[in-house]
Trainee: 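One structure, pasted below without further comment.
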Amino acid sequence: WLMGEGILIGDMSIANTTVKPGYPVGPGDSMAMTSFQGGILNFENTITLAPDTTLELGIYGPGTGYHDQILIGGLFDINQAILKIKGPSDIADYITSSDYFPILDTYGSGEIIGLFAGAGNGDIIGIYDFDNIFLGHFNLFYRDFQVSLSNFEAVPEPSTWLLMVLGGIILACYLRRQIRSKATSV
């Protein structure tokens, strides 16, 4: 296990079914822990993710140290791997649509090639809690030498849905009353 910050040196190919924080390879604290800190995983040479590999990264809040990040000093081939973003269930209390999260970043002669499966530039990618409950989504951006997430939108809470439905019912009753009032006055 490589937890926290670390460096993997040498050419490699990761072909596990899951690459996530805590095990077998990934930045940050284990997703089962209760104190969340982002971690940095540093690849200095060539790495290729297998197409069925899931790269699981955590976002715990805005700013440096509160999201997982992979730094790349060599060639990093995403190769249609699957990207999953995890976070605590109250993530909407900590981040906004203006927060920006560089999840893959290069330094020196680092280079990122390929795309995540089903996720082109600007596409929406979901964030889930540790029980796989959908919390909202980000836009995924492939920029020169960086892959990042921004434009967070939270899923409305149940109380918000209740208020919207209640508002719709009140509006429907009001409109029905208006129609009946016009029909009786004619």
Trainee: Mind listing the closest non-hydrogen atom pair of Y128 and L135 along with its distance?
Mentor: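 For Y128 versus L135, the nearest heavy atoms are C-CD1, 3.7 Å.
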Trainee: Could you tell me the separation between the OG1 atom of T48 and the CD1 atom of I113, rounded to the nearest 0.5 Å?
Mentor: 7.0 Å
Trainee: Cation-pi check, R143 to F141: give yes when NZ or CZ is under 6.0 Å from the six-membered ring centre and within 45° of the ring axis, no otherwise.
Mentor: yes
Trainee: Would L140 and L149 count as a side chain to side chain contact (heavy atoms under 4.5 Å, CB included) here? Give the steps.
Mentor: CA-CA 5 Å; L140 177 69; L149 300 170; 3.6 Å; yes
Trainee: What closest approach, in Å, do Q146 and D105 show between heavy atoms, and which atom pair accounts for it?
Mentor: NE2-OD2, 3.2 Å
Trainee: Just to verify, what does L115 make a side-chain contact (heavy atoms from CB on, under 4.5 Å) with, not counting sequence neighbours?
Mentor: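 Listed in chain order: Q80, Y142.
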Trainee: Kindly compute the distance separating NE2 (H137) from CD (E153), expressed to the nearest 0.5 Å.
Mentor: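 The CD atom of E153 is 4.5 Å from NE2 of H137, to the nearest 0.5 Å.
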Trainee: Would a 4.5 Å heavy-atom cut-off, applied to side chains only, mark L57 and F101 as touching?
Mentor: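 With C-beta onward as the side chain, the pair stays apart.
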Trainee: For I133, does its backbone N or O pair with a side-chain atom of D131 as donor and acceptor, under 3.5 Å?
Mentor: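 Judged by distance alone, no pair lies under 3.5 Å.
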Trainee: Can you tell if the side chain of F130 reaches within under 4.5 Å of the side chain of K86, non-hydrogen atoms only?
Mentor: yes
Trainee: Identify the heavy atoms of G136 and F152 that sit nearest to each other, and give their distance.
Mentor: CA-CE1, 4.3 Å
Trainee: Between N79 and L49, is there a donor-acceptor pair closer than 3.5 Å when you use the side chain of the first and the backbone of the second?
Mentor: yes
Trainee: Counting neighbours of CZ on F134 that are heavy atoms of other residues, nucleotides or ligands and sit closer than 6.0 Å, is the number greater than 12?
Mentor: yes
Trainee: Going by heavy atoms in the side chains, are I70 and I72 under 4.5 Å from each other?
Mentor: yes
Trainee: Check whether D129 reaches the backbone of G87 with its side chain - one donor and one acceptor, N or O, closer than 3.5 Å.
Mentor: no
Trainee: Count I, L, V, M, F, W, Y as connected when their side-chain heavy atoms are under 4.5 Å apart, and connections chain through other members. Are I78 and I125 then in the same cluster?
Mentor: yes
Trainee: As an exercise, state the distance from CG of N139 to CG of N121, rounded to the nearest 0.5 Å.
Mentor: 9.5 Å
Trainee: Are Y66 and Y60 close enough, and set up right, to give a ring pair (Phe, Tyr, Trp, His ring centres under 6.0 Å), and what steps lead you there?
Mentor: CA-CA 5 Å; Y66 291 100; Y60 317 109; 8.1 Å; no
Trainee: Within the structure provided, determine whether H67 and P102 are in side-chain contact (heavy-atom separation under 4.5 Å).
Mentor: yes
Trainee: I103 versus Q69: any side-chain heavy-atom pair under 4.5 Å?
Mentor: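 SC-SC contact between I103 and Q69 ruled out.
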Trainee: Is there side-chain contact between I82 and F116, with at least one heavy-atom pair below 4.5 Å?
Mentor: no
Trainee: Side chains of I124 and F138: does their closest heavy-atom pair fall under 4.5 Å?
Mentor: no
Trainee: Is there a side-chain contact between L75 and I47 in this structure, where contact means two heavy atoms from C-beta onward sitting under 4.5 Å apart?
Mentor: no
Trainee: So how far is it from E111 CD to D77 CG, rounded to the nearest 0.5 Å?
Mentor: 9.5 Å
Trainee: Just verifying a value: how many Å separate L83 CG and T53 OG1, rounded to the nearest 0.5 Å?
Mentor: 12.0 Å
Trainee: Examine distances only and state if a side-chain atom of D99 and a backbone atom of T96 form a donor-acceptor pair shorter than 3.5 Å.
Mentor: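 Looks like yes, one N/O pair under 3.5 Å.
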